[in-house]
Amino acid sequence: MCGIVGYVGNETCHEIIIGSLERLEYRGYDSSGIATIHNDQIQLRRAVGKLSDLKTKILDEPVSGTIGIGHIRWATHGGVTEQNAHPHLVNSEVAIVHNGIIENYAQLKKELAEKGFSFSSDTDSEVLAHLFAFVIGQGLAPVEALKAVLSKIEGAYSFAVISKSYPETLMVARNASPLAIGISDNATIIASDATAMAHLTRQVIYLKDNDYAVITPTKVDIYDVKNKPANRQVIKVNVSPILLDKAGYKHYMEKEIHEQPDAISHTISAMTDIHGRLSTNLEAASLTKIRGIVLLAAGTSFYAAQIGRYWIERLAGIPVVCEIASEYHYRNPIASHQTTAIVISQSGESIDSLLAIRHAKKMGLDTYGIVNVVSSTISREVDKILPTRAGPEIGVASTKAFTAQLVVLMSLAISLGRQNGRLDEDKALDIHQKLLKIPGAAGKSMKLFNSVLPIANRLKNARSCLFLGRDTLFPLACEGALKLKELSYIHAEGFASGEMKHGPIALLEEGLPVISFVSEDEIAPKAISNLKEAEARGGYIIVIGTQSAVNTIDFASDKIIIPDCEPILTPIVSAIPAQILAYLTASEKGTDIDQPRNLAKSVTVE
Ligand code: M6R
């Protein structure tokens with residue numbers, strides 16, 4: 001998974017391309033590169049490492065030109081080397097940038113090698129560059145060249161190509177990987193998403209799967225899968241460039257943790273109907289149709305799904321299963337008892353989640369998406385979106401999108417329960433009133449940065465940690481462990497507290513950090529006695545809960561006290577100290593918080 005950018009227009013473009021790549025760093029940051037055409041020559045610069053390494057290179061060896069392409073890479077085929085970085089340049093004639101995977105690259109590589117082409121990288125993408133060099137070398141004009149290459153390749157891709165033979169033309173195409181075309185007065189820009197061009201234009205065309213386009217400074221000609229000219233709508237997107245700054249915080253993650261009071265309250269507002277009731281705003285007929293749900297998601301969004309399952313089953317009595325998106329369609333699920341598939345995704349671009357929801361659609365299920373990026377591919381493909389209003393999330397570790405997803409899931413549980421009569425209006429109103437206090441509780445939670453710091457300091461030297469919780473706090477324990485491991489590289493696992501004694505307790509040894517979420521509900525005494533078992537075996541016990549929930553746990557070495565909140569809503573408030581703990585532990589260790597190693601914000605490869 002990678003990010004691609006292209007520009008053709010009137011201005012010298014390398015800085016514009018770099019500016020857009022900066023906004024795509026969430027898609028990967030192993031290496032980056034740029035190619036422009038200047039004085040009839042393709043100028044290529046590539047660098048391993050962060051975008052700053054490419055910028056330094058360009059300072060040392062400047063480029064120029066009013067047409068160019070850029071790439072930021074998350075390695076799939078081939079290691080992190082300059083040779084494997086994009087753009088790939090062939091015969092000084094053609095340069096390409098590609099996001100996705102060319103699945104039949106091995107066969108194509110063999111055929112091209114037999115024709116005498118020699119390869120300089122280990123990537124699947126380089127075959128694209130050779131294919132274009134070949135067909136353009138045979139005299140094909142851009143449209144014909146695209147048609148010829150697309151007839152040969154299989155897989156998921158979005159790509160952009162420049163050629164010395166057509167120094168004012170960008171050639172682009174997409175299938176399953178996102179691609180947006182931005183239209184401004186003096187230029188056309190293409191990028192993996194609209195955010196990457198938010199500083200340049202809001203007028204965007206989204207190509208459909210199998211579309212391709214030939215773009216010059218004055219024209220965008222789009223063709224569909226049948227090679228017929230296609231009319232794709234220009235959409236005005238709503239992405240504010242101001243939202244993408246760090247606003248004085250050291251990291252995007254720190255900023256995004258602090259944005260949660262707003263993210264939660266905006267999402268509650270979006271989930272309020274004209275009568276002022278908490279609601280998904282789905283019509284009665286749509287709600288009545290939902291009799292069984294499959295929730296599809298990956299990573300943090302999957303843990304939100306698992307918490308949502310408890311809520312929907314409890315408040316609406318509707319059966320829910322949660323499926324890891326990457327597993328779903330490959331195991332031919334039996335969905336006869338389900339009517340509705342709901343995919344949860346911050347980015348709306350995770351390919352696993354996209355393929356899972358497409359499969360559900362193919363099976364005839366109604367499809368909904370709980371999505372943060374409303375201009376994303378998933379948003380466009382589901383029957384209906386239930387948007388989270390978290391705003392752009394740039395830090396690789398998901399924070400505000402997660403708590404906003406929980407708000408939507410609670411609203412869905414309430415809407416469904418109210419509709420099928422399982423939840424009376426008073427109870428629904430009671431939860432709504434308590435939910436309205438959560439933004440305030442989230443605001444107060446920001447004070448935890450001070451009290452959690454000494455704990456993070458102790459944690460930074462741990463080799464391994466356990467996170468525990470019962471009921472809705474079990475998925476939260478998994479989310480806490482995911483946050484810690486992805487940011488601080490400390491091995492961490494989340495378990496259901498009651499499951500410890502069935503095996504994981506063997507891991508316990510003197511000083512092993514055991515972080516437990518507790519709530520003030522009927523199951524709390526059981527969670528506390530499971531924790532006592534860990535303490536008896538030398539665990540370093542840290543508890544997270546309200547003052548009254550943790551009051552009796554006198555054997556804990558550290559307590560993180562969250563603001564008072566209703567037990568059913570505890571996962572939303574308790575998520576914040578888990579994020580802060582992971583953030584501060586990583587900060588104390590000195591790891592790269594916004595761009596942890598080996599990760600990318602949005603995973604668009606299988
Ligand atoms: O954009 P999505 O919600 O579909 O992303 C799913 C996961 O890739 C994502 O939540 C990932 O696990 C985060 N790095 C977690 O912080």
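What you see is a predicted model, and the numbers here were worked out from it, not measured in a lab.
Judged purely by atom type and a 3.5 angstrom limit, N104 uses its side chain to pair as donor or acceptor with the backbone of K152. Between the T367 side chain and the I357 main chain, no donor and acceptor come within less than 3.5 Å of each other. Although no hydrogens or angles enter the test, the distance criterion places no donor-acceptor pair under 3.5 Å between the side chain of R45 and the main chain of K55. Judged by distance alone, with hydrogens and angles left aside, the side-chain atoms of R174 form a donor-acceptor pair with the main-chain N or O of L207 at under 3.5 Å. Between the side chain of S411 and the main chain of T280, no donor-acceptor pair closer than 3.5 Å is present. Under the 3.5 Å distance criterion, the side-chain polar atoms of Y29 are matched with a main-chain donor or acceptor of P596. R309 contributes no side-chain N or O that, together with a main-chain N or O of V321, makes up a donor-acceptor pair within less than 3.5 Å. Between the side chain of D53 and the backbone N or O of A47, no donor-acceptor pair lies under 3.5 Å. For T300 (side chain) and F402 (main-chain N/O), no donor-acceptor pair under 3.5 Å exists by modelled atom type. Not one N or O on the side chain of Q43 forms a donor-acceptor pair closer than 3.5 Å with the backbone of V63.
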- Quick one: do S398 and Q346 satisfy side chain to side chain donor-acceptor pair (under 3.5 Å)? Show the steps, please. CA-CA 8 Å; S398 188; Q346 186 288 125; over 6 Å; no
- For the pair I344 and L409, evaluate side-chain contact (heavy atoms from CB on, under 4.5 Å) and give the outcome as yes or no after the intermediate values. CA-CA 10 Å; I344 308 179; L409 285 161; 3.9 Å; yes
- Message: Please evaluate residues L200 and S184 with respect to the criterion side-chain contact (heavy atoms from CB on, under 4.5 Å), reporting the C-alpha separation (whole Å), side-chain torsions for both, the decisive distance (0.1 Å), and the verdict.
- Response: CA-CA 7 Å; L200 305 168; S184 80; 5.6 Å; no
- Message: Quick one, T340 with D366, criterion side chain to side chain donor-acceptor pair (under 3.5 Å). Give me CA distance, side-chain angles, the key distance, then yes/no.
- Response: CA-CA 5 Å; T340 308; D366 289 338; 4.8 Å; no
- Task: Please test S345 against S353 for side chain to side chain donor-acceptor pair (under 3.5 Å), starting from the C-alpha separation and ending with a verdict.
- Result: CA-CA 7 Å; S345 175; S353 306; 5.0 Å; no
- Any chance you could lay out the side-chain contact (heavy atoms from CB on, under 4.5 Å) test for K147 and Y223, step after step, and finish with the verdict? CA-CA 10 Å; K147 220 190 288 180; Y223 301 86; over 6 Å; no
- Report the C-alpha separation of M271 and V408 in whole Å, then their side-chain angles, then the decisive distance to 0.1 Å, and conclude whether the side-chain contact (heavy atoms from CB on, under 4.5 Å) test is met. CA-CA 7 Å; M271 292 290 127; V408 174; 4.1 Å; yes
- Begin with the C-alpha distance, continue with both residues' side-chain angles, and end with the deciding distance and a verdict on side chain to side chain donor-acceptor pair (under 3.5 Å) for D352 and Y328. CA-CA 9 Å; D352 292 328; Y328 182 61; over 6 Å; no
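Between R232 and D224, the closest side-chain pair of non-hydrogen atoms falls below 4.5 Å. Between P333 and M363, the closest side-chain pair of non-hydrogen atoms falls below 4.5 Å. Using a 4.5 Å heavy-atom cutoff, the side chains of D193 and V373 are not in contact. Two residues are said to be in side-chain contact when any heavy atoms from C-beta on lie closer than 4.5 Å; L146 and F159 meet this criterion. By the 4.5 Å heavy-atom criterion applied to side chains, R46 and H88 are counted as neighbours. Under the 4.5 Å side-chain criterion, counting only non-hydrogen atoms from C-beta, L128 is not in contact with Y157. Two residues are said to be in side-chain contact when any heavy atoms from C-beta on lie closer than 4.5 Å; T188 and L170 fail this criterion. Residues V214 and T169 form a side-chain contact, since some pair of their non-hydrogen atoms from C-beta on lies under 4.5 Å apart.
A salt bridge links E259 with K255; the closest basic N to acidic carboxylate O contact falls under 4.0 Å. Between K400 and E393 there is no salt bridge, since no side-chain N of the basic residue sits under 4.0 Å from a carboxylate O of the acidic one. A salt bridge does not link E283 to K384: none of the charged side-chain nitrogens sits closer than 4.0 Å to a carboxylate oxygen. Ion pairing between K361 and E381 fails under the 4.0 Å rule for side-chain N and carboxylate O.
Note: S286 OG to N281 CG = 11.5 Å, rounded to the nearest 0.5 Å. Atom-to-atom distance recorded for I370:CD1 and L295:CG is 7.0 Å, nearest 0.5 angstrom. In this structure, H86 NE2 and H98 NE2 are separated by 7.5 Å, a value rounded to the nearest 0.5 Å. Once rounded to the nearest 0.5 Å, the distance linking NE2 of H251 with CD of Q595 reads 10.0 Å. If you take OG1 on T66 and CG on N186, they are separated by 11.5 Å, rounding to the nearest 0.5 Å. Between the CG atom of L355 and the NZ atom of K362 there is a distance of 9.5 Å, given to the nearest 0.5 Å.
Minimum interatomic distance between V80 and D30 (heavy atoms only, all atoms of both residues): CG1-O, 3.4 Å. Heavy-atom minimum distance, P167 versus I67: O-CG2, 3.3 Å. Of all the heavy atoms in G139 and Y166, the pair that sits closest is O-OH, 4.5 Å. Nearest heavy-atom pair, V371 versus G348, reported as atom, atom and distance to 0.1 Å: CG1-CA, 3.8 Å. Contact detail for I16 and H199: the closest heavy-atom pair is O-NE2, 4.3 Å. Residues A404 and A263 share a closest heavy-atom pair of CB-O, 4.5 Å.
Looking only at atom types and distance, the side chain of T123 has no donor-acceptor partner in the side chain of N84 under 3.5 Å away. Judged by distance alone, the side chains of S163 and E93 do bring a donor and an acceptor atom under 3.5 Å apart. Side-chain contact, E349 with T377: a donor N or O sits under 3.5 Å from an acceptor N or O. T388 and Q405 form no side-chain donor-acceptor contact under 3.5 Å, judged by distance and modelled atom types alone.
Each of E103, K110, E111, K109 was evaluated against Q107; a single residue qualifies, E111, per the side-chain hydrogen bond (donor to acceptor under 3.5 Å, both in side chains) test. With respect to P387, the side-chain contact (heavy atoms from CB on, under 4.5 Å) criterion is satisfied by exactly one of V374, T267, N372: V374.
Ring orientation note: the planes of H130 and F119 are tilted relative to one another, at an angle of 30° to 60°.
Under a cut-off of 6.0 angstrom, the local environment of CD in E82 is crowded, with over 12 non-hydrogen atoms contributed by other residues, nucleotides or ligands. Counted within 6.0 Å of NZ on K115, heavy atoms from surrounding residues, nucleotides or ligands total more than 12; the atom is thus considered enclosed. The environment of CD1 in I334 is sparse: at most 12 heavy-atom neighbours from other residues, nucleotides or ligands sit within 6.0 Å. For K164, the NZ atom sits in a packed shell: over 12 heavy atoms of surrounding residues, nucleotides or ligands are nearer than 6.0 Å.
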